[in-house]
Amino acid sequence: MSSLPNGTTKALTNAVLAAQTTNDAAGAPVQVINEEKKFTPDLSGYISSWGLAEAGFNYDVVAVFGSQSTGKSTLLNRLFGTSFDVMDETHRRQTTKGIWMCRGKGMNVMVMDVEGTDGRERGEDQDFERKSALFSLASSEVLIVNIWEHQIGLYQGANMGLLKTVFEVNLGLFGNRGSEGMSQRTLLLFVIRDHVGSTPLANLAQTLQADLTKIWDSLSKPPELADRHLTDYFDLSFTGLPHKVLLPEKFEAEVAELRKRFLHRERDDYVFKPAYHKRIPADGVAHYMEGIWEQVQTNKDLDLPTQQELLAQFRCDEIATVALEQFTAQAKPLRKPIESGHVLEALGKSMRSWKNEALARFDRDASRYHQGVYHRKRGDLVVQLHATLGPLFLGQLKNLHKLALANFKREVVEGVKGDGYDFGELVRKSREKNEGEFVAGALEGLVEGTDWTYEEELDLLRQEITVIADQCRADETKKMINHIERTLKRQIAEPIELALNKAVPTMWDSVLRVFTDTLGKATATYLIKAKSFNCTEEENTASLNILRRRAWQALRAKVDEQTSDTSILAKLRSTFEDRFRYDENGVPRVWKPDDDIDAAFRKARDQTLELVPLYAKIQPVDTSLEVSLPSDGGDELLAGEGEFDFAATLVVFSESKQVDLVAKFRRDADAYYVEAKRSIVSSVSQIPMWIYALLVVLGWNEAVAILFNPIYFAVLLTTLASAYMIVKLHLVGPLMNITQAIGGEVRRQATNRLREHFSEPQLASPVTVRNRDSTRSDDTDDEFRVRTERNVTFAAQ
């Protein structure tokens, strides 16, 4: 390489010297694998302290490989500003033990310093050399092979034997990966130290390349890899560095120039090409390297894809766990409200947001790992997310179901309280509204990528809404029937009462005509209102039959009221009285001795008794007015209305009842007959006219005395005036009743006093005597009255 101006050389030297910073500048190095072949558990923490844990794929790994005491650590410190320990030049002994790692200053580069080969400290123990070489080759993108110029052409000195072992062991790795293995290549950067220039660099490179090709060709390859070449898996690059001691300025200048190949991506000879990257995220490097070293230690064939997959599984599980924990923490507060029956607004939006956030966190950190594992783990995470969200969605559906059902029932119940509502339209609108709200809530709660459905819950909701609608329709139908029934009762009450008060043969025709007309109007009213209820033909038939039965029962109730014992006897007495006491012109009869009372009595009685069979059964003269209703055995739909026998309801009085009514009526009629007879006796027993003439003759003197005596005359005038006023004010009857009552009471008291006075003393107890006397007194009174009436009648005759 041509020499540089002194000023430029000095500047480059200062720049390289400035790269030799303290631990704080480039980050403290960590011993990844110690001399006892133990992998450090602290690597992950060091990577975080270096600020590379979040770098993702934006980092590179470089390792140095070569013989002991060839200046590997010094070269790395110059190139990357690291702080590896360097050899004390006064003592030729091992400095780097195991494998160390440090971050390059100002670079996202992890630099590995590997223990030198062919050291006297390990002697013939080449196990660590092979394992460290395998580890470096599998872990790094660029493997710097540090070699002296005078070692080129040597087999052991140039580490050709070790490289052969590494190539041979890793053939399975590269071959089994197929096209993927060929795409992930490794750069072998040969740094030829103490290149004095006598042998051109191109010749040295040609010699090394020939040796490597020879080694590759001498490998025992599987048949499927027999046609593979070294260049299918490795890129070779060669550079030379002057003698560090003899030409320090040129050495530093060349190192600075080589450093640019690690820094500037725009250079054609840029070292860290994408094809070399292992595609391991920075936060997984520690676990990845630990897995590789474990397989190296157990003498297993190094299987890089397996290590990448294992790393991907480990890291993806960790990332998924963190994402799932955060996701669960977001979803947990909503479980209790949903379990309490609340419908959460925008639940689906929240669930989708949580899912997307969890997947975004997972994708951000896990997508950098093995794609097959990443996609598989992502699918597992999605399943877990859906399993967590599933109960929330199902709970939301249940709550939407309950809310829709409660709102539907409330709206229908409130709607039927008003007047002029259309039940069918009310149910339809409420159903559409609440089912629509349920569907909208269910759709809002769906999460993409799930197999969640709401159709089954919607079908169940529709079934329950139908049940509630049917129940409400049945209740409203009953209310309507009850209302029509009350109206019908009011309408038939007065016409039936008037018809039954007129005991004529066509009485039942009038009753049934009113019943039929009123029932027809009620049926028409029901059918008009039932149109809005969406009732089936069967339901309408049953309701109309119930309405007819209740109407008939209302008719019978009114008939029973009008034909009770008291009412029917009153009607019979009234009819008998009208025919016995009044003539054909409605004039009251005054019985005379020559009137045929017996014939009139028998006629009126017989005509009245003919009414009992008429009232006994509902049977119209016009057969077209006959009513026919099904009994319980004829219609199962009416069985719930209670026992009903239509034929039995036509009978108002049984035969025994008729006999009893006839007997009671005869007693009442006999009383009227006796009264009529007494009135004739009263009219026959009047005072003769000659008696009045005799009284005038005999009482003339007394009359004159009264007329001419002022006191007597005044009394007479007062008496006549009082009598005139009594007659004018129609007080004769009440005064006679009062007089009769007073006279009867005076007579009874006198009789009791006389009986007590003349009665003989009794030996019985006072209580018995008193009771017996009381009984005898009552009996005597009755006998006395009977004897008195007989005597009066006899005297009148």
Side-chain angles (χ1 to χ4, degrees), residues 1 62-72 75 114-119 122 124 126-175 181-182 184-222 225-243 254 258 261 269 271 273 275-276 302:
M1 182 174 292
V62 62
V64 65
F65 174 77
S67 300
Q68 181 176 309
S69 301
T70 57
K72 299 186 298 300
L75 177 62
V114 183
E115 178 181 322
T117 63
D118 197 20
R122 295 194 182 271
E124 295 182 356
Q126 297 183 349
D127 180 67
F128 186 80
E129 293 180 0
R130 293 190 182 96
K131 290 179 179 180
S132 61
L134 291 173
F135 177 79
S136 303
L137 184 63
S139 303
S140 60
E141 306 168 35
V142 177
L143 181 61
I144 300 176
V145 181
N146 195 58
I147 186 173
W148 298 105
E149 180 182 5
H150 63 268
Q151 290 178 326
I152 297 176
L154 301 178
Y155 185 79
Q156 293 296 338
N159 293 308
M160 292 301 167
L162 182 58
L163 288 176
K164 178 180 180 180
T165 302
V166 173
F167 291 160
E168 192 169 31
V169 172
N170 285 276
L171 258 181
L173 162 67
F174 300 126
M182 296 180 67
Q184 290 189 357
R185 305 160 69 83
T186 302
L187 175 64
L188 297 180
L189 177 58
F190 287 86
V191 177
I192 302 173
R193 303 292 297 273
D194 295 349
H195 180 227
V196 296
S198 58
T199 303
L201 181 62
N203 294 341
L204 296 174
Q206 185 177 1
T207 301
L208 287 173
Q209 189 168 0
D211 292 341
L212 292 173
T213 303
K214 183 178 180 180
I215 291 174
W216 181 265
D217 293 339
S218 65
L219 296 178
S220 178
K221 305 182 188 67
L225 302 179
D227 57 343
R228 299 294 175 86
H229 302 285
L230 176 66
T231 54
D232 292 334
Y233 303 100
F234 296 97
D235 286 338
L236 304 178
S237 181
F238 305 92
T239 187
L241 291 179
H243 200 288
E254 291 297 331
L258 179 60
R261 296 182 59 183
D269 57 355
V271 171
K273 295 182 179 179
Y276 306 146
L302 193 60

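Residue numbers run from 1 in the order of the sequence given.
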Open item on the list: Working to the nearest 0.5 angstrom, can you tell me the gap between N146 CG and R193 CZ?
Closed with: 5.0 Å
TODO: Report yes if the side chains of L230 and L236 come closer than 4.5 Å at any heavy-atom pair, otherwise no.
DONE: yes
Task: Minimum heavy-atom distance between S140 and T186, given as atom pair plus value - done: O-CG2, 4.3 Å
Open item on the list: Can you tell me how far apart CG (L201) and CG (L208) are? Round to the nearest 0.5 Å.
Closed with: 9.5 Å
Task: Nearest non-hydrogen partners of K72 and F65, listed with the distance - done: CD-C, 3.9 Å
Open item on the list: Parallel, tilted or perpendicular: which one describes the rings of W216 and F234, with boundaries at 30° and 60°?
Closed with: perpendicular
Open item on the list: Distance check, rounded to the nearest 0.5 Å: F190 atom CZ versus I144 atom CD1?
Closed with: 12.0 Å
Open item on the list: Contact between V271 and V62 at the side-chain level, heavy atoms closer than 4.5 Å - yes or no?
Closed with: no
Open item on the list: How close do E149 and D194 get, counting heavy atoms only, and between which atoms?
Closed with: OE1-O, 3.0 Å
- [ ] Could you check if a side-chain atom of T199 sits within less than 4.5 angstrom of a side-chain atom of T207, using non-hydrogen atoms only?
- [x] no
Open item on the list: Please find the pair of heavy atoms, one from S237 and one from R261, that lie closest to each other, and give the distance.
Closed with: OG-NH2, 3.0 Å
Task: Taking every non-hydrogen atom, the tightest pair across L204 and I192 - done: CB-CD1, 3.8 Å
